[in-house]
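Presented below is the structure to which this report refers.
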Protein chains: 2
Amino acid sequence: MLSIGNLSKTSGVKVPTIRYYEKIGLIAPADRSQGNQRRYEADDLKRLIFIKHARDLGFHLDDIKSLLTLKEDTSCPCSGADEILTRHLSDVRNRISRLQRLEAELERMSHCEGECVAECSVIESLADHSHCLYEH
Amino acid sequence: MLSIGNLSKTSGVKVPTIRYYEKIGLIAPADRSQGNQRRYEADDLKRLIFIKHARDLGFHLDDIKSLLTLKEDTSCPCSGADEILTRHLSDVRNRISRLQRLEAELERMSHCEGECVAECSVIESLADHSHCLYEH
DNA sequence: TATAATAGCTCTAGTCACTATAGCTTCAAG
DNA sequence: CTTGAAGCTATAGTGACTAGAGCTATTATA
Ligand SMILES: [Zn+2]
Ligand SMILES: [Zn+2]
Ligand SMILES: [Zn+2]
Ligand SMILES: [Zn+2]
C-alpha cells in the first residue's frame, strides 16, 4: 500500500493533483488508513501513470476519462480510442500551423532599427495589422 | 461617440471582453451617457485595436499593458518593447517544437491495426511511455 | 407620442487543469 | 515521547474570457 506522497513520487503526479483527480471522479475515491489517510495499490498507480502519460501528450481530461472507460472493457472495438487520438492529432497540427504563422509574423516584427518608441517597428507593427503577412 | 456595441463591431473585440478589459484596468473607465451607458471616442478605438492585434499575436495581457505604457511615452527607448517581443517569440518557438514532438508521437501511435481494445496500439502506447520516441 | 425591439447595465458564476494557502491531524524516526 | 514531515479539508486564485439573470436605456417604427 502506497501513501499519496509515494504514489506522487512514483507516478510523477503532484499530490494536490491526485486529490483533484479524485474530486472530479477521474480516479476512484481511495481507500483510507485508520487515521483517514489515502492508501493506494498497484492498480491505482497504473491508472495514474496512464493519465499522466496522456496528459503529457496533451489529451484533455474528459478524453482521458473516455479512454479509461474504453480501456476497462477489453472486448470493445477500439475505434472510439482511435477517433479520440485522430481528433487530438489534428488539433495539435492546427495549433502548430497557427503558431508557425505567428512565428513568421513576430520574426518579421523583431528587426527594430529604431532607438525610441516613436520609431520602433515593434510598436508600429502591433498598432497596424496591414503590415502583417497573414490573418490571425 | 461610439456605443460599446459599435466599438465592439469596429474593433472586433466582444462587448463583454471590453467591459472585462475596463475592469482589469487595461483600458480606462469609459465616459458615460446620461443613462449611464459607455461612450467611446477615436482614441479608445485605437487603443482597443492595438490590444486586439497583440492578443491575436498571442501576447499576454500584462505584456500588452506594458507595451501600451511604453507606447505612451514616445521619447522612451524602445528596448523594453523589443525585449517583450523577443521573449514572446522564443516562447512561441518553444511551443512549436514541443508540439512537433507531440505530433510525431501521436502520428506513430495512430496506426492501429487492432480490432478490439485488447489489441489497440493507441491504448497500449498511452499505457507505456517506453515505446515513445521522445520525453515529454 | 406610445410601444416594442434592441442594446446596454451590474453582478455572479462557470470554464480548464491545476496551484496555493490556512488551519488542522496523523504518521514515522530517533 | 517528542518532533518534524506528511496528510487532511476547504476555500480561493490563476488567465482570459464567457454565460446568465434581472434590470434599464435607447431607438425605430406605428
Ligand atoms: Zn524598437
Ligand atoms: Zn496582424
Ligand atoms: Zn485501436
Ligand atoms: Zn511517452
Side-chain angles (χ1 to χ4, degrees), chain A residues 1-27 29-40 44 47-48 50-68 84 87-88 91-92 95 98 102 136, chain B residues 1-27 29-40 44 47-48 50-68 84 87-88 91-92 95 98 102 136:
Chain A
M1 295 294 262
L2 291 163
S3 69
I4 198 170
N6 287 335
L7 182 69
S8 169
K9 260 174 224 129
T10 322
S11 65
V13 179
K14 288 182 191 154
V15 169
T17 305
I18 297 172
R19 291 197 276 248
Y20 167 72
Y21 287 166
E22 180 182 300
K23 205 173 93 183
I24 63 168
L26 189 61
I27 59 180
D31 292 342
R32 298 295 178 123
S33 73
Q34 288 193 325
N36 199 37
Q37 298 195 351
R38 291 175 178 80
R39 292 293 177 259
Y40 298 92
D44 301 313
R47 188 175 174 97
L48 196 55
F50 184 98
I51 294 168
K52 173 73 160 61
H53 195 212
R55 279 299 294 139
D56 287 345
L57 288 161
F59 287 89
H60 293 301
L61 290 183
D62 47 1
D63 281 342
I64 297 176
K65 206 178 260 183
S66 308
L67 287 166
L68 283 164
I84 288 171
R87 188 160 37 76
H88 181 46
D91 184 53
V92 166
R95 275 148 68 194
R98 187 170 184 286
L102 235 56
H136 350 264
Chain B
M1 295 297 263
L2 290 164
S3 71
I4 197 169
N6 287 335
L7 183 70
S8 168
K9 260 174 223 128
T10 321
S11 64
V13 179
K14 288 183 191 152
V15 170
T17 306
I18 297 172
R19 290 199 275 248
Y20 168 72
Y21 286 167
E22 180 181 300
K23 203 173 97 182
I24 64 168
L26 189 59
I27 60 180
D31 290 345
R32 298 296 177 122
S33 73
Q34 287 192 327
N36 199 35
Q37 299 194 354
R38 290 174 178 81
R39 293 293 176 261
Y40 298 93
D44 301 313
R47 191 177 173 95
L48 196 56
F50 185 98
I51 294 169
K52 172 72 160 60
H53 195 212
R55 279 298 296 139
D56 287 344
L57 288 162
F59 287 88
H60 293 300
L61 290 183
D62 46 2
D63 280 342
I64 296 175
K65 206 179 261 183
S66 307
L67 287 166
L68 283 164
I84 288 172
R87 187 161 38 74
H88 181 45
D91 183 52
V92 166
R95 276 149 67 194
R98 190 170 182 286
L102 235 55
H136 348 263

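Chain letters run A, B, ... following the sequence lines, proteins first and then strands; every chain starts at 1. Quick caveat, the model's predicted, so the values are computed rather than measured.
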Under the ring pair (Phe, Tyr, Trp, His ring centres under 6.0 Å) rule, collect the residues that match up with [X], sequence neighbours excluded.
X	result
B/Tyr21	none
B/Tyr40	none
A/His53	B/His129, B/His136

With 3.5 Å as the limit, what N/O pairs link the protein to nucleotides 10-12 of chain C?
| residue | atom | partner | partner atom | Å |
| --- | --- | --- | --- | --- |
| C/dT10 | OP1 | B/Arg32 | NH1 | 3.4 |
| C/dT10 | OP1 | B/Arg32 | NH2 | 3.2 |
| C/dT10 | OP2 | B/Arg38 | NH1 | 3.1 |
| C/dT10 | OP2 | B/Arg38 | NH2 | 3.0 |

Just to confirm, is there a sub-4.0 Å distance from OP1 or OP2 of [N] to any side-chain nitrogen or oxygen of [X]?
X	N	answer
B/Ser3	C/dG8	yes
A/Lys14	C/dC18	no
B/Thr17	D/dT18	yes

Report the distance from atom [atom1] of [X] to atom [atom2] of [N], rounded to the nearest whole Å.
X	N	atom1	atom2	answer
A/Ile51	C/dC18	CD1	P	10 Å
B/Leu2	C/dA7	CG	C1'	15 Å
A/Asp91	C/dC16	CG	P	14 Å
B/Gln37	D/dC23	CD	C1'	12 Å
A/Leu7	D/dG7	CG	C1'	14 Å
B/Met1	D/dA25	CE	P	18 Å
A/Ile4	C/dT25	CD1	C1'	15 Å
A/Gln34	C/dT26	CD	P	11 Å

task = Please collect all salt bridge (charged side-chain N to carboxylate O under 4.0 Å, His left out) contacts where either partner lies in residues 57-68 of chain A, sequence neighbours excluded, each pair once.
result =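 Matches after skipping sequence neighbours: A/Asp63-A/Arg87.
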
Please round to the nearest 0.5 Å and tell me the distance separating atom [atom1] of [X] and atom [atom2] of [Y].
X	Y	atom1	atom2	result
A/Thr10	A/Asp44	OG1	CG	12.0 Å
A/Arg32	A/Gln37	CZ	CD	9.0 Å
B/Lys52	B/Ile64	NZ	CD1	11.0 Å

List for me each residue that meets side chain to side chain donor-acceptor pair (under 3.5 Å) alongside [X], sequence neighbours excluded, and say none if there are none.
X	result
B/Arg95	B/Asp91
A/Arg47	none
B/Arg55	none
B/Arg19	none

ask   = Want to settle it: does A/Gly5 or B/Ser33 sit nearer the 5' end of DNA chain D, counting the closest nucleotide to each?
value =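 Result of the comparison: A/Gly5.
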
Would you tabulate the pairs of protein nitrogen or oxygen atoms and nucleotide nitrogen or oxygen atoms of nucleotides 13-16 of chain D closer than 3.5 angstrom?
| residue | atom | partner | partner atom | Å |
| --- | --- | --- | --- | --- |
| D/dA16 | OP1 | B/His60 | ND1 | 2.8 |
| D/dA16 | N7 | B/Tyr20 | OH | 3.4 |

query = Which residues pass the side-chain contact (heavy atoms from CB on, under 4.5 Å) test with A/Ser8, sequence neighbours left out?
reply =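 If we apply the side-chain contact (heavy atoms from CB on, under 4.5 Å) test to A/Ser8, skipping adjacent residues, the hits are A/Val15, A/Ile18.
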
message = Let me check the geometry of the helix from C/dT1-D/dA30 to C/dG30-D/dC1. What is the bend angle between the axes at its two ends, five pairs each, to 10°?
response =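 Comparing the axis at each end, I get an angle of 10°.
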
